[in-house]
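Computation of the quantities below employed the complete heavy-atom set of this structure, encompassing side-chain atoms and omitting hydrogens, waters and symmetry-equivalent molecules.
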Amino acid sequence: MTTETTLAESFDGRRFTYRVPRVSSIGPGDFVTIGVAFPETAEHPGEALVMGQVLTRATKAGDAVGHGRILGELRPDGTVVTSGGDPFTSQDLAPAGAGVLEALQARERATLRIGDLHHSRGNVDALLQPHRFNRHTFLCGQSGSGKTYALGVLLEQHLIDTDLPMVILDPNSDFVRIGELLESASPGDAERLRELDVRVLRNDGEHHPVTARLTAMEAASQAAVLQLDPLTDRGEYNTFLRMLESATGPEVGAAAPAARPPSIATEGMLNPHSIPSALRATGEADALRLAQRVENLGILDWDVWAGVGQSVSEVLDEGPRAVVVDLGSLHTHEEQLAVSLALLDDLWADRATRKPRLIVIDEAHNVVSAEPATQLQRLTTERVIQIAAEGRKFGLWLLLSTQRPSKIHPNVLSQCDNVIVMRMSSPADLLELEAVFGFAPPELLAATPFFHQGEALIAGGFVPAPAIIQMGARRTVEGGSDVPVPMPG
């Protein structure tokens with residue numbers, strides 16, 4: 001038999017249990033207030049309004065029961081402060097009003113607006129804490145969930161509300177128009193975006209091209225581009241190492257070396273196509289095989305080598321606020337990986353300068369694969385793993401986006417302290433998300449298969465409390481919107 005009693009109690013002032021009539025609409029994710037009569041002390045003037053969030057709901061003896069967590073106490077001046085940790089029993093539990101939610105977000109310095117809160121009575125902005133993007137962030141959602149649109153909202157808001165430089169690895173050309181304003185953008189946002197130095201690099205003959213400097217890459221990275229294995233390709237690899245040595249010259253006091261093959265370091269000054277002929281001119285069998293390898297792979301015919309122009313890394317050194325690297329404008333996946341690896345290597349090599357930067361990798365499984373298939377992909381994955389594990393203290397912060405978390409290397413996924421989950425229908429993916437992101441309430445994750453387009457669960461260090469939200473509107477043109485089905489008439 002259903003009772004009309006509402007009961008909330010806490011034995012530690014950090015968690016609470018509740019019992020409400022089954023007809024109550026209160027459920028997982030909802031924010032509530034609990035009126036509590038504390039004993040009068042110096043810390044408590046007596047009655048207080050405790051703020052909490054419901055995490056579970058079940059039915060027991062005709063009532064709705066569950067538990068939640070305490071978020072703080074609402075003071076008479078409208079501010080939310082940390083709870084004193086005192087136990088309580090109360091029969092006064094009600095949905096939190098808009099003012100309470102706004103006070104909670106103000107306490108946590110949440111100012112970066114990305115949409116609207118679902119678990120609120122009234123229109124309340126969904127705000128993130130911009131200073132908490134000094135941790136790695138993971139965004140996922142299946143095809144059609146609105147993931148790319150949501151990432152665009154997030155990047156635009158970073159441009160508007162922070163001064164954090166960013167570089168965006170964009171494999172599908174989705175963000176190449178991030179500098180083009182929509183008419184619906186507010187005058188203030190439009191003015192802010194117009195004044196920013198946002199550069200789009202793409203190989204289309206009109207923009208600055210997407211290029212890397214082969215000779216500036218680490219030796220292992222150059223070898224990966226050449227698909228050289230130090231054991232399987234011993235002779236060619238040794239020839240390659242002597243090329244690198246010739247770029248820097250012998251150590252002081254060393255004997256004069258025998259005739260060496262030309263250094264790949266001269267590629268920036270010479271016609272790249274001259275390297276195979278120079279290798280052949282040495283008359284060495286391994287140099288000949290290396291020349292054949294370079295020609296057969298067509299590496300020097302790639303459009304990504306900077307030559308006398310600027311590489312992506314050199315563009316970043318000029319200090320623009322954001323750089324969109326249109327990997328989608330490159331012809332092959334190997335070229336995309338080569339540019340990505342060169343950039344990531346350079347950012348890591350420069351880490352001691354401690355320059356803050358948000359590294360955005362869309363469709364991140366292409367760069368940081370759970371199962372790298374080639375040497376180039378393996379090195380790129382290892383570099384991202386290194387940045388994920390050690391980059392935070394140097395100001396290198398990742399924002400990764402993909403459709404399937406299982407495609408991302410687990411050593412990267414486990415380092416992400418912020419998560420945005422859009423519609424996800426795969427039971428296996430949901431189990432993995434629950435296992436990796438323990439701070440995302442399971443009952444809220446269980447709701448993601450039923451999300452509409454643009455809905456998302458946000459959880460982690462960059463939000464005052466986990467919540468389901470509706471993403472807000474874009475300010476700039478989306479570059480990769482879906483192609484519509486042709487219809488008659």
Side-chain angles (χ1 to χ4, degrees), residues 139 147-148 151 155 166-178 199-218 220-228 267 272 294 297-307 309-316 322-348 358-388 398-404 407-409 412 479-480:
L139 165 63
K147 174 181 61 69
T148 301
L151 181 57
L155 298 182
M166 66 178 74
V167 56
I168 305 163
L169 297 181
D170 182 8
N172 293 329
S173 309
D174 287 326
F175 305 104
V176 295
R177 303 182 67 185
I178 201 167
R199 305 189 195 180
V200 176
L201 312 184
R202 64 186 317 192
N203 288 12
D204 63 353
E206 298 180 7
H207 295 75
H208 188 292
V210 177
T211 57
R213 201 168 294 286
L214 177 62
T215 57
M217 296 173 72
E218 295 188 1
S221 300
Q222 292 186 45
V225 171
L226 296 170
Q227 298 183 28
L228 281 171
E267 176 262 334
V294 171
L297 292 174
I299 291 170
L300 297 180
D301 293 329
W302 290 359
D303 294 331
V304 298
W305 306 128
Q310 277 187 313
S311 69
V312 172
S313 297
E314 290 159 355
V315 172
L316 256 64
V323 175
V324 179
V325 183
D326 183 12
L327 298 177
S329 67
L330 304 179
H331 297 298
T332 66
H333 183 49
E334 287 74 18
E335 290 176 83
Q336 295 181 1
L337 285 174
V339 170
S340 300
L341 180 56
L343 173 62
L344 293 168
D345 279 349
D346 287 342
L347 290 173
W348 183 248
L358 186 65
I359 305 170
V360 183
I361 309 178
D362 192 22
E363 304 297 348
H365 56 275
N366 292 317
V367 174
V368 54
S369 173
E371 298 179 352
T374 65
Q375 186 179 358
L376 189 56
Q377 194 171 43
R378 179 179 59 79
L379 281 184
T380 308
T381 297
E382 289 176 355
R383 180 62 78 200
V384 179
I385 291 173
Q386 190 170 32
I387 292 173
L398 297 168
L399 171 51
L400 308 175
S401 173
T402 189
Q403 293 184 17
R404 304 266 328 257
K407 291 184 176 182
I408 300 295
H409 199 285
V412 173

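For R202, the side chain to side chain donor-acceptor pair (under 3.5 Å) test picks out D326, with sequence neighbours left out. Residues passing the side-chain contact (heavy atoms from CB on, under 4.5 Å) test with D346 are S313, sequence neighbours excluded.
Using a 4.5 Å heavy-atom threshold, the side chains of V315 and R199 count as touching. By the 4.5 Å heavy-atom criterion applied to side chains, N203 and L330 are counted as neighbours.
For Q336 (side chain) and L327 (main-chain N/O), a donor-acceptor pair under 3.5 Å exists by modelled atom type. Although no hydrogens or angles enter the test, the distance criterion places no donor-acceptor pair under 3.5 Å between the side chain of N172 and the main chain of D174. Not one N or O on the side chain of W302 forms a donor-acceptor pair closer than 3.5 Å with the backbone of H331.
The two residues D170 and F175 have their closest heavy-atom pair at OD2-N, 2.7 Å. For the pair G309 and R213, the tightest heavy-atom approach, listed with the atom from each and the gap, is O-NH2, 2.5 Å. Of all non-hydrogen atoms in V367 and S340, the two that sit nearest each other are CG2-OG, 4.2 Å. When all heavy atoms of I387 and W348 are compared, the pair lying nearest together is CG1-CE3, 3.9 Å. The shortest non-hydrogen separation linking G328 to S173 is CA-OG, 3.9 Å. Contact detail for D303 and T211: the closest heavy-atom pair is O-CG2, 4.0 Å.
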- Working for side chain to side chain contact (heavy atoms under 4.5 Å, CB included), residues Q227 and L297: CA-CA 9 Å; Q227 298 183 28; L297 292 174; 3.6 Å; yes
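Note that CG of L376 is 12.0 Å distant from CD of Q222, once rounded to the nearest 0.5 Å. L398 CG to L358 CG: the interatomic distance, rounded to the nearest 0.5 Å, is 8.0 Å. Here CZ of R378 is found 9.5 Å from OG1 of T381. Values are rounded to the nearest 0.5 Å. Atom CG of L399 sits about 9.0 Å away from atom CD1 of I168, to the nearest 0.5 Å. The structure places CZ of R383 at 4.5 Å from CG of D345, a figure rounded to the nearest 0.5 Å. The distance from the CG atom of L344 to the CG atom of L337 is 10.0 Å, given to the nearest 0.5 Å.
Sorted by first and then second residue, the pairs that involve residues 362-376 and meet side chain to side chain donor-acceptor pair (under 3.5 Å), not counting sequence neighbours, are K147-E363, D362-S401, H365-T402.
A side-chain contact (heavy atoms from CB on, under 4.5 Å) with V360 holds for exactly one of V325, L155, L139, L169; it is L155.
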